[in-house]
**Student:** 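Okay, here's the structure, questions in a sec.
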Amino acid sequence: MTFEELQKIVYDAGIVGAGGAGFPTHRKISDKVKQIIVNAAECEPLMMVDHHILEHHLQALVDTLNVLIDTMGADEAIIGIKGKNMHLLDTKIVASLEGTKVRIKEIPDIYPAGDEVVLTYETTGKIIPEGAIPVMVGVMVINVETVYNIHCAITNGQPVTQKYVTIGGDVDEDITVKVPVGMKIKALLEATGHGDLDGKAVINGGPMMGRLVDLENDSVTKTTKGLLIFPETHSIIQRKRMPISMTLKRASAACCNCTMCSDMCPRNLLGYNINVHKTVRAASHSEVTDSESFLQSALCCGCGVCTVIGCQQMLDPQKISMDVKGALGRKGLRRQNNQAPQQVRPERASRLVSSSVLIDRLGIRKYVKAHVERKYIDFAPNEVYIELKQHVGKPASATVKVGDTVKVGDVVAQTAYEDLGTTMHASIDGKVKAVTDRFVIIER
Ligand code: SF4
Ligand code: SF4
């Protein structure tokens, strides 16, 4: 198979990064990749999807990595996993990797070990230059579930119609389930016994980077990794609910310019010229002439260490930085003076944030369960809402119309191959009920 053929298989299967923003995976497949790094860090607290796949599908992952290595002409694949999770790996399969091009690399139990800049450094010692993408240093970073989706596509021609999701937080039992893409989140929570949400809120994603769920409108997408339920009164929910206008007002009144947010920033510690305290100051005081303080937010990954660990004034530099980054992106404004980091800052070792400290700082220790149940539930939603934009790039355009009959796996929307985007498929058998500017809605 050529890498162009592999790209097409991955595009046709609608595979996007299953753990982050949903970057179309076929665009990462390149003959310039020398090292494939599998992001098995799962560094957001309470998330358990990758753990599940590593435990139950390791051989499929290894086989797929060998295909990727051969097809792209890469030198090796590295599975970056925390030492505390090594027990999840089948020891026989791990032993069989000796002398092969697939290796396991133990990474420290820190947050955000899964940020691609941090992960690349921890697994290879390379630092991705500011504003660059991993392939520029010969690296492809890929999520565990994404590798598994490639396995399903190349072995069975199976497109992405299902998604692994962890449901956890303030619940009796954490579970990981496989759900049809497009199932309403509200329906999913009801089907798993979490329908009573009085006084509670739901986050799509982890407590650090996840966003509040709109229960009436949101559905499961190809990037939904976890649904965490917390009391409305929890500081995580309060912080996420606070409007940006209030966040900026609080910062203008209470920021003492101590720089702790920047000092703890994982990307700053890897030598990036990102100083979020300057962004906070510029944005909260409307210092519009200080363009660099705004533009450096392009280097922010939104990890939230500045907010949860750095700031002692209970401000939210993460939200401000991401808001500025989003505004610049919408206006097409780019930072021009990106540099390769000069060196890792010597203080990095003493400022790494352990998962345990993070859990305590977030106030979620009581929600950490010793065991996460893997449940097989045959979800049969009466309708699914397939989002046209579940990925980075252009939204997909519907290829079906109201009244069309579709079966699981049929293409229902697509972004043109030459554009950045992907393909969407029906996740249940049924009829197209509606096509809106956000969804293709299929009724069983
Ligand atoms: S969210 Fe904060 S800590 Fe994380 S990269 Fe952005 S500025 Fe740095
Ligand atoms: S840590 Fe908080 S108070 Fe200090 S500079 Fe950053 S935002 Fe301001």
Side-chain angles (χ1 to χ4, degrees), residues 20-21 41 43-45 110-122 127-134 141 203 205-211 235-236 239-240 242 244 246-287 290 292-329 335 338 341 344-345 347-348 350-355 357-358 361-362:
C43 63
E44 277 263 20
I110 56 168
Y111 179 85
D115 169 33
E116 65 183 9
V117 176
V118 176
L119 184 69
T120 299
Y121 177 70
E122 292 292 348
I127 298 181
I128 300 168
E130 291 178 6
I133 52 175
V141 180
I203 294 174
M208 295 294 281
M209 298 178 71
R211 58 176 177 76
S235 60
I236 293 173
R239 189 165 54 241
K240 290 187 191 290
M242 188 176 291
I244 184 67
M246 179 63 71
T247 305
L248 286 166
K249 261 187 207 153
R250 291 182 72 243
S252 76
C255 176
C256 59
N257 215 22
C258 69
T259 78
M260 277 297 288
C261 46
S262 299
D263 295 344
M264 293 304 294
C265 170
R267 290 194 164 189
N268 177 299
L269 290 169
L270 281 174
Y272 274 38
N273 292 301
I274 175 170
N275 293 284
V276 67
H277 69 283
K278 292 186 181 175
T279 311
V280 169
R281 184 161 185 85
S284 63
H285 288 82
S286 303
E287 290 172 359
D290 184 8
E292 172 57 17
S293 292
F294 287 96
L295 291 168
Q296 60 170 282
S297 65
L299 305 177
C300 173
C301 66
C303 69
V305 167
C306 49
T307 292
V308 176
I309 305 290
C311 188
Q312 306 303 308
Q313 302 278 50
M314 311 290 280
L315 303 177
D316 196 347
Q318 173 197 29
K319 183 176 278 185
I320 294 171
S321 182
M322 291 305 283
D323 186 68
V324 171
K325 181 177 179 174
L328 293 176
R335 186 168 180 260
N338 288 321
V344 175
R345 300 198 197 286
E347 56 273 29
R348 179 174 187 262
S350 62
R351 291 188 186 162
L352 295 174
V353 177
S354 76
S355 297
V357 165
L358 184 70
R361 197 61 80 85
L362 282 166

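As the structure lists them, so they are numbered: ligands from 1, and atoms in each ligand from 1.
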**Student:** Can you name the atoms of ligand 2, numbered from 1 with element, that are less than 4.0 Å from a heavy atom of Cys255?
**Tutor:** 3 (S), 5 (S), 7 (S), 8 (Fe)
**Student:** Of all the non-hydrogen atoms in the protein, which one sits nearest to atom 4 (Fe) of ligand 1, and at what distance?
**Tutor:** Cys303 SG, 2.3 Å
**Student:** Within the 4.0 Å heavy-atom shell around His277, which atoms of ligand 2 are there?
**Tutor:** 5 (S)
**Student:** Which heavy atom of the protein is the closest neighbour of atom 8 (Fe) of ligand 1, given with residue, atom name and distance?
**Tutor:** Cys265 SG, 2.3 Å
**Student:** Could Arg250 and Asp316 be called an ion pair, given the rule that one side-chain N must be under 4.0 Å from one carboxylate O?
**Tutor:** no
**Student:** Which pair of heavy atoms, one from Ser284 and one from Leu248, lies closest together, and at what distance?
**Tutor:** CB-O, 3.5 Å
**Student:** Considering Asn275, Asp316, Val276, Ile320 one by one, which has a heavy atom nearer to atom 7 (S) of ligand 1 than any of the others?
**Tutor:** Val276
**Student:** Are more than 12 heavy atoms, taken from residues, nucleotides or ligands other than Met242, located less than 6.0 Å from that residue's CE atom?
**Tutor:** yes
**Student:** Does a donor on one side chain and an acceptor on the other come within less than 3.5 Å for Asn268 and Arg345?
**Tutor:** yes
**Student:** I'd like to check which ligand 2 atoms, numbered from 1 as shown, lie under 4.0 Å from a non-hydrogen atom of Gln313.
**Tutor:** 3 (S)
**Student:** Just need the protein heavy atom nearest to atom 6 (Fe) of ligand 1, so name the residue and atom and give the distance.
**Tutor:** Cys300 SG, 2.3 Å
**Student:** Would you call Arg267-Glu130 a salt bridge at under 4.0 Å N-O?
**Tutor:** no
**Student:** Where is the nearest protein heavy atom to atom 5 (S) of ligand 1: which residue, which atom, and how far?
**Tutor:** Cys301 N, 3.5 Å
**Student:** Between Ser293, Ser262, Cys261, which is the residue that forms a side-chain contact (heavy atoms from CB on, under 4.5 Å) with Lys278?
**Tutor:** Ser293
**Student:** Please list, in number order, the atoms of ligand 1 under 4.0 Å from a heavy atom of Gly302.
**Tutor:** 1 (S), 6 (Fe)
**Student:** What atoms in ligand 2 come closer than 4.0 Å to a heavy atom of Cys256?
**Tutor:** 3 (S)
**Student:** Taking 2.8 Å as the cut-off, does Cys306 contribute an N, O or S atom near atom 2 (Fe) of ligand 1, distance below it?
**Tutor:** yes
**Student:** Just jot down the ligand 1 atoms closer than 4.0 angstrom to any heavy atom of Pro266, in number order.
**Tutor:** 3 (S)
**Student:** Using a strict 4.0 Å cut-off to heavy atoms of Thr259, name the atoms of ligand 2 that fall inside it.
**Tutor:** 4 (Fe), 5 (S)
